[in-house]
There are 2 protein chains.
Amino acid sequence: MLIKSSETIENIKRIFTKEEFPAKTLLVKENEISQNIYYVESGAARVWLNHDGKEITIQFLFEGGFIASIESIISNEKSWYTIETIEPVTVYSISTNSFKQKMEQFPHVREFYYQYIQQSLLAYQKRMVSQIKNTPEERYKELLKEFPEIIKRVPQHYIASYLGITSVSLSRIRNRK
Amino acid sequence: MLIKSSETIENIKRIFTKEEFPAKTLLVKENEISQNIYYVESGAARVWLNHDGKEITIQFLFEGGFIASIESIISNEKSWYTIETIEPVTVYSISTNSFKQKMEQFPHVREFYYQYIQQSLLAYQKRMVSQIKNTPEERYKELLKEFPEIIKRVPQHYIASYLGITSVSLSRIRNRK
DNA sequence: GTGATTAATTAACAATTGTTATCGTCAACA
DNA sequence: TGTTGACGATAACAATTGTTAATTAATCAC
């Protein structure tokens, strides 16, 4: 989810701490409780998890997004996935505990958080429905239409697993007709 | 999401209105703004949408669940789907507007709503990941293990589209030793 | 209960995807 | 510069799913 309001961004920057990381940094690790939340100012990251020894990429994050294990925030669970930078990033970070304190203290932080959660819910629901009703080829075309940015910036084999197919199959889809 | 706290259920019953509907009643209609929220006391419903003339079932709802177009509540959009009872149901209903007023008035209603949204988010995320990383056969086995209730109570062709496959394919999977 | 409708199984075939392996390209790096 | 490793394209074949149609089973309505 992208943050539109520059006022909100300024507020975030005030309470978060600026940090930089090179590509291939693990900011969240699968099976560990995630201690931090990052607002991405520049760069890109991918969310992935291990499945039978294979890395399954389930999401991409760019400027304006947040890097966090949402299940760690919501219910203190260990993260279901790893979040790894795929480009050098500049982020603003805060510890999950501090963030929860800010939520208690400031209604506008709480409000912002719940707006974010609601928008994320709609996004996940939409993507789940797309997985159910569309073929891999249709999902690729949808991605091309709605998020061409992703296809430009991200290696193809990550996109393949994001779509739920192999890189071989994605290569075929791209070269069909 | 099931509601565990009986105190919460009692509160819901106080501000909602009891109603009964036969099977095959449309409680929410695709492309219409949903005006009501229903708490299911007994019975079952399915969430479906039209895709190239075919009905795609994306979710099931049972006792303890809520029937609502979450996108209508969150952003006043027209519903992406239809919600239809598949068994006679007893529900407690409230208009979306009244519910929003109650949220403003009563912190515990607001709190309950956000807890519900957060749990739903995790559930959608989990299901999206399952669609990406598992084969149809694996998804069927997962459903059998985690929600055997669904398989017992729901016609098979609805389950097939819930899993993102045809009813023919599900029949084959079930009879595959 | 009986006929009509809907649901589930099965078969045959087409289309798609997965798997494994090879090859060419490119970028990183010593 | 040369080597290594990562990435993407392609080929061959296996496995799975989709499609259509026919048959049986179950359910619904009167």
Side-chain angles (χ1 to χ4, degrees), chain A residues 21-26 44-46 48 50-57 60 82 84-88 130-144 148 150-177, chain B residues 21-26 43-46 48 50-57 60 82 84-89 130-144 148 150-177:
Chain A
F21 298 101
K24 307 210 175 189
T25 305
L26 307 185
R46 72 182 176 109
W48 63 268
N50 206 293
H51 182 68
D52 298 339
K54 272 172 269 178
E55 286 183 12
I56 310 285
T57 297
F60 301 106
T82 296
E84 180 178 356
T85 59
I86 52 182
E87 296 174 8
S130 173
Q131 285 285 337
I132 290 176
K133 74 177 193 186
N134 293 326
T135 63
E137 183 164 357
E138 286 165 342
R139 294 202 293 274
Y140 176 72
K141 283 177 179 163
E142 189 178 63
L143 187 66
L144 201 58
I150 292 181
I151 289 167
K152 280 182 210 135
R153 271 171 89 171
V154 172
Q156 199 168 304
H157 62 292
Y158 293 157
I159 293 174
S161 76
Y162 176 88
L163 294 172
I165 57 177
T166 62
S167 59
V168 175
S169 188
L170 178 56
S171 177
R172 282 188 293 231
I173 287 168
R174 282 164 49 87
N175 294 309
R176 213 175 268 166
K177 190 167 66 335
Chain B
F21 297 101
K24 306 210 175 188
T25 306
L26 306 185
R46 71 183 177 110
W48 62 269
N50 207 293
H51 181 68
D52 299 339
K54 271 172 271 179
E55 286 184 10
I56 310 285
T57 297
F60 302 106
T82 295
E84 180 179 354
T85 59
I86 52 182
E87 296 173 8
V89 294
S130 173
Q131 285 286 336
I132 291 176
K133 75 176 191 186
N134 292 327
T135 63
E137 182 165 356
E138 286 165 342
R139 293 201 294 275
Y140 176 73
K141 284 177 178 164
E142 188 177 63
L143 187 66
L144 201 58
I150 293 181
I151 288 167
K152 280 182 211 135
R153 271 172 88 172
V154 172
Q156 201 167 302
H157 62 293
Y158 293 157
I159 293 174
S161 77
Y162 175 89
L163 294 173
I165 57 177
T166 62
S167 59
V168 175
S169 188
L170 178 55
S171 177
R172 281 189 293 230
I173 286 169
R174 280 164 50 85
N175 295 309
R176 209 179 271 165
K177 195 172 43 326

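Below, chain A is the first sequence line, B the second, and so on; all start at residue 1.
In this structure, the helix from C:dG1-D:dC30 to C:dA30-D:dT1 shows an angle of 50° between the axis at its start and the axis at its end, each fitted on 5 base pairs and rounded to 10°.
Partners of B:Phe60 by ring pair (Phe, Tyr, Trp, His ring centres under 6.0 Å), not counting sequence neighbours, listed by chain and number: B:Tyr162. The salt bridge (Lys or Arg N to Asp or Glu O under 4.0 Å) search around B:Arg139 returns none, not counting sequence neighbours. Residues passing the side chain to side chain donor-acceptor pair (under 3.5 Å) test with A:Thr85, sequence neighbours excluded: none.
In terms of modelled atom types and a separation under 3.5 Å, the side chain of A:Thr57 and the main chain of A:Ser161 share no donor-acceptor contact. Remark: the backbone N or O of B:Val168 is not paired with any side-chain donor or acceptor of B:Ser171 at under 3.5 angstrom.
Side-chain contact between A:Lys133 and B:Asp52 is absent, with no heavy atoms from C-beta onward closer than 4.5 Å.
Here the closest heavy-atom approach between residue B:Ile159 and residue B:Ile151 is recorded as CD1-CA, 3.6 Å.
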Nucleotide by nucleotide, 5' to 3', does protein get under 4.0 Å of the base (B), only the sugar-phosphate (S), or neither (-) in nucleotides 6-22 of chain C, counting heavy atoms?
-SSSBBB----BBBB--
Could you walk me through whether B:Val154 and B:Arg46 pass side chain to side chain contact (heavy atoms under 4.5 Å, CB included), step by step?
CA-CA 9 Å; B:Val154 172; B:Arg46 71 183 177 110; over 6 Å; no
Tell me, with the steps shown, if A:Ile173 and A:Ile165 meet side chain to side chain contact (heavy atoms under 4.5 Å, CB included).
CA-CA 10 Å; A:Ile173 287 168; A:Ile165 57 177; 3.8 Å; yes
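Here the rule is side-chain hydrogen bond (donor to acceptor under 3.5 Å, both in side chains) with A:Glu137, and of A:Arg174, A:Arg176, A:Arg172 only A:Arg176 fits it.
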Give me the distances for all protein-to-nucleotides 23-30 of chain C N/O pairs that come in under 3.5 Å?
none

